Structures are given as C-alpha cells and as structure tokens.
Amino acid sequence: MEVLYGLHPVEEAIRAGGRQLDHVSVARERRDERLERLIELCRTAGVRVSLESRDQLTRLARTDAHQGVLAVVRERKFLGIEDLLAPKAEGQSRFFLALDGVEDPHNLGALLRTADGAGVDGVILPERRSAPVTATVAKTSAGASEHVRIARVTNLVRALEQMKQKHVWVLGLDERGTPDYTEYDFKGDCVLVLGREGAGLHDLVKKTCDHLLRIPMAGQVSSLNVSVAGAVVMFEAMRQRRQTAAPPAARKPSKERKGLGS
C-alpha cells in the first residue's frame with residue numbers, strides 16, 4: 001500500500017479509477033466546501049472516509065503539506081513499452097515523452113502534469129537513475145500523475161530502439177542540437193527524450209536519437225530547467241498536432257533522416 005496526500009492527488013486518484021483505494025482520511029480540524037466535495041466524491045465512489053487529527057496525518061504523510069487529506073492506495077502498476085506502442089485509431093499519430101535520469105521528484109511531477117495537459121500518449125521512465133512516482137510527485141503534478149500512462153523500463157536505450165522499430169522518431173533535447181524545436185514537424189509518431197538535471201542526455205541515449213533539437217536562448221544562461229524545457233517543446237508539439245487546417249507541404253530536413261533501426 002502507498003500513501004497519497006493533498007486534495008488534488010486524492011481527488012484525481014478517485015476520478016482516474018486506476019488504483020484501488022483502501023480509505024481516505026481527512027483532518028478533523030478542517031471543514032470547508034472543497035473538503036466536503038471530496039467527501040461526497042468518496043461516498044459516490046464507495047471509498048471509506050475516516051476522521052483523523054492533523055498531527056496524525058502529518059505522521060502518516062511524513063510532511064505537513066497534506067492539506068488535511070490523505071489516501072491509502074494500492075501500489076501503482078506500471079505499463080510495459082509494448083502497452084504504449086499499441087496502435088491508435090487509423091490516422092492518429094502518437095507523441096510520447098521519455099525521461100533519461102530525471103531524479104528530482106518535483107521536476108518529474110511538473111513534467112507529468114505538463115504531459116497530461118499536452119495530450120502525451122505515454123511516458124517512459126527507466127527503473128534506475130530516475131525519481132520514483134511517489135506521493136511527492138503526485139502532489140507536484142496536482143494529481144495528473146494518476147491519469148498519465150507510464151511505462152517503467154529496465155533499459156531506456158533498448159526501449160527507444162523498440163520504438164524505432166515501430167516507426168517512432170526519437171527526438172532528444174540538447175542545447176547543442178539542431179534544428180530549433182520550432183522547425184521540427186511533430187505531426188508524425190515521435191518521442192521526446194529529456195535528460196538529467198544539469199547534465200542532459202547520457203551519451204548512449206544521445207547517439208540513439210534520430211534528431212537532437214534545441215531551444216534557442218537569448219540571454220546569458222545556456223539552458224532551461226528540464227521541466228520548463230519539456231513544457232516548451234510539448235506544447236509546441238500539441239500546437240502543431242491540433243491544427244485543423246490542411247497540413248502544409250512537408251519540410252525538407254536539413255539533412256537526411258536516419259535511424260528507425262537503420
């Protein structure tokens with residue numbers, strides 16, 4: 001069993017229905033409209049609600065940031081890469097996010113929140129050198145982590161190679177890459193790969209990428225925080241993919257596209 005805390009994470013766990021909730025505990029000291037709506041949602045979903053002191057919730061959550069709400073839930077079951085690669089409806093392309101060593105739970109939570117908002121079809125996380133999807137991640141993501149499809153893989157490079165074999169373009173984000181992210185056509189099947197805080201992509205992951213994109217910077221700092229950089233590119237991809245007008249003529253890439261198992 002795991003603990004989730006905070007109004008949004010607990011509410012979204014109930015709405016998502018992906019995990020069984022044992023019970024929800026709320027602080028005796030808190031009484032307001034938002035909490036009453038959550039209690040009503042629990043009753044509708046058949047989830048038991050108990051009253052606890054705020055101090056007891058702090059001990060269980062190991063933080064005082066629980067907002068007077070805590071849920072005990074079943075451990076999350078992650079998907080495999082094959083689950084993410086299941087074909088969509090005909091004519092619909094897929095857009096994925098892969099994280100290469102993001103270890104800060106706040107960055108991971110922010111990225112999962114953005115992935116949900118940008119309509120990402122799935123997120124790939126390595127089992128090692130990655131922040132686990134904890135209650136802190138759920139709280140930072142405002143509960144979006146309960147809705148995002150997440151696959152845990154033992155070897156990220158091997159997973160990316162599997163995606164290439166399914167005709168998914170692998171796009172790394174690197175400050176020395178080319179072209180700029182706005183010049184790339186995201187309308188086809190592709191996966192955006194983001195690297196470690198401060199160090200970027202591992203060399204082998206970088207070599208696996210079909211293209212390395214960059215975010216142009218006008219100031220003195222050479223790069224953005226990984227969660228901000230990911231948000232910039234994910235929403236550019238969503239903007240392109242949501243265009244309902246007739247697609248423009250295909251861009252000619254600056255150099256021949258290679259990869260996809262070649």
Side-chain angles (χ1 to χ4, degrees), residues 1-78 97 99-117 120 123 125-152 194 196-198 224-231:
M1 305 296 282
E2 295 179 349
V3 168
L4 290 178
Y5 58 81
L7 275 165
H8 284 303
V10 173
E11 180 179 356
E12 296 308 324
I14 298 170
R15 294 188 189 281
R19 291 201 273 178
Q20 182 180 345
L21 279 76
D22 182 78
H23 68 276
V24 171
S25 296
V26 298
R28 291 192 183 92
E29 296 88 343
R30 175 168 181 171
R31 277 294 176 269
D32 55 60
E33 186 177 345
R34 290 181 67 192
L35 187 62
E36 292 300 327
R37 286 200 301 266
L38 177 64
I39 293 173
E40 185 58 34
L41 180 63
C42 291
R43 289 171 179 158
T44 302
V47 177
R48 180 167 57 91
V49 178
S50 65
L51 296 177
E52 303 283 354
S53 69
R54 184 175 291 274
D55 289 343
Q56 175 66 3
L57 296 186
T58 299
R59 283 192 291 271
L60 293 172
R62 298 181 180 178
T63 176
D64 59 2
H66 48 71
Q67 299 178 300
V69 178
L70 179 146
V72 177
V73 300
R74 294 281 184 185
E75 185 176 352
R76 180 171 187 150
K77 292 183 179 179
F78 294 99
L97 175 68
L99 303 181
D100 176 25
V102 173
E103 297 183 337
D104 186 322
H106 296 91
N107 279 335
L108 177 56
L111 284 164
L112 293 178
R113 184 174 185 174
T114 301
D116 178 65
V120 169
V123 177
L125 301 178
E127 290 182 355
R128 296 174 58 246
R129 296 185 301 196
S130 175
V133 184
T134 60
T136 300
V137 172
K139 182 72 164 59
T140 307
S141 75
S145 60
E146 295 297 317
H147 296 280
V148 177
R149 301 172 71 222
I150 301 176
R152 294 298 296 260
L194 303 178
R196 300 163 287 170
E197 296 94 342
L224 298 171
N225 169 276
V226 63
S227 63
V228 176

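Computed from heavy atoms alone, side chains included, the values below leave out hydrogens, waters and symmetry copies. Keep in mind that this is a model prediction, so the values were computed, not measured.
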Visitor: Which atoms form the tightest heavy-atom contact between L111 and S227, and what is the distance?
Guide: CD2-CA, 3.7 Å
Visitor: For residues 33-46, run the donor-acceptor check on the side chains, cut-off 3.5 Å, and write out each pair with its distance to 0.1 Å, sequence neighbours left out.
Guide:
unit_1: E33; atom_1: OE2; unit_2: R37; atom_2: NH1; d: 3.1
unit_1: T44; atom_1: OG1; unit_2: E40; atom_2: O; d: 3.0

Visitor: Could you walk me through whether R74 and E2 satisfy the side-chain contact (heavy atoms from CB on, under 4.5 Å) test, starting with their C-alpha distance in whole Å, then the side-chain angles of each, then the deciding distance to 0.1 Å, before giving a yes or no?
Guide: CA-CA 6 Å; R74 294 281 184 185; E2 295 179 349; over 6 Å; no
Visitor: Would you say that R129 contacts R196 through its side chain, given a criterion of any heavy-atom pair below 4.5 Å between the two side chains?
Guide: no
Visitor: Taking side chain as C-beta onward, heavy atoms only, is L108 less than 4.5 Å from L125?
Guide: yes
Visitor: Does any N or O in the side chain of R48 come within less than 3.5 Å of the main-chain N or O of V24, such that one atom is a donor and the other an acceptor?
Guide: no
Visitor: Please list, one pair per line, the donor and acceptor atoms closer than 3.5 Å that link side chains of residues 140-148 to other protein atoms, with sequence neighbours excluded.
Guide:
unit_1: T140; atom_1: OG1; unit_2: T136; atom_2: O; d: 2.8
unit_1: S141; atom_1: OG; unit_2: V137; atom_2: O; d: 3.3
unit_1: S141; atom_1: OG; unit_2: A138; atom_2: O; d: 3.0
unit_1: S141; atom_1: OG; unit_2: G143; atom_2: N; d: 3.4
unit_1: S141; atom_1: OG; unit_2: A144; atom_2: N; d: 3.3
unit_1: S141; atom_1: OG; unit_2: S145; atom_2: N; d: 3.1
unit_1: S141; atom_1: OG; unit_2: S145; atom_2: OG; d: 3.3
unit_1: E146; atom_1: OE1; unit_2: R19; atom_2: NE; d: 3.3
unit_1: E146; atom_1: OE2; unit_2: R19; atom_2: NH2; d: 2.5
unit_1: H147; atom_1: NE2; unit_2: E12; atom_2: OE1; d: 2.6

Visitor: Nearest heavy-atom pair of A61 and V3: which atoms, and what distance?
Guide: CA-CG1, 4.5 Å
Visitor: Should Q67 and H8 be marked as a side-chain contact (heavy atoms from CB on, under 4.5 Å) after you check the CA-CA gap, both sets of side-chain angles, and the distance that decides it?
Guide: CA-CA 10 Å; Q67 299 178 300; H8 284 303; 5.8 Å; no
Visitor: Give a yes or no on this: more than 12 heavy atoms of other residues, nucleotides or ligands lie within 6.0 Å of atom CZ of R31.
Guide: yes
Visitor: Provide the closest heavy-atom pair for F78 versus R152 in the form atom of the first, atom of the second, distance.
Guide: CG-CG, 3.3 Å
Visitor: Taking distance alone, no hydrogens or angles, what donor-acceptor pairs closer than 3.5 Å link side-chain atoms of residues 49-58 to residues at least two apart or in another chain?
Guide:
unit_1: S50; atom_1: OG; unit_2: S25; atom_2: OG; d: 3.0
unit_1: S53; atom_1: OG; unit_2: Q56; atom_2: N; d: 3.1
unit_1: Q56; atom_1: OE1; unit_2: R59; atom_2: NE; d: 3.2
unit_1: Q56; atom_1: OE1; unit_2: R59; atom_2: NH2; d: 2.9
unit_1: T58; atom_1: OG1; unit_2: R54; atom_2: O; d: 3.1
unit_1: T58; atom_1: OG1; unit_2: H66; atom_2: NE2; d: 2.8

Visitor: Apply the test side-chain contact (heavy atoms from CB on, under 4.5 Å) to residues I150 and L112: give CA-CA distance (whole Å), side-chain angles for both, the deciding distance (0.1 Å), then the verdict.
Guide: CA-CA 9 Å; I150 301 176; L112 293 178; 4.1 Å; yes
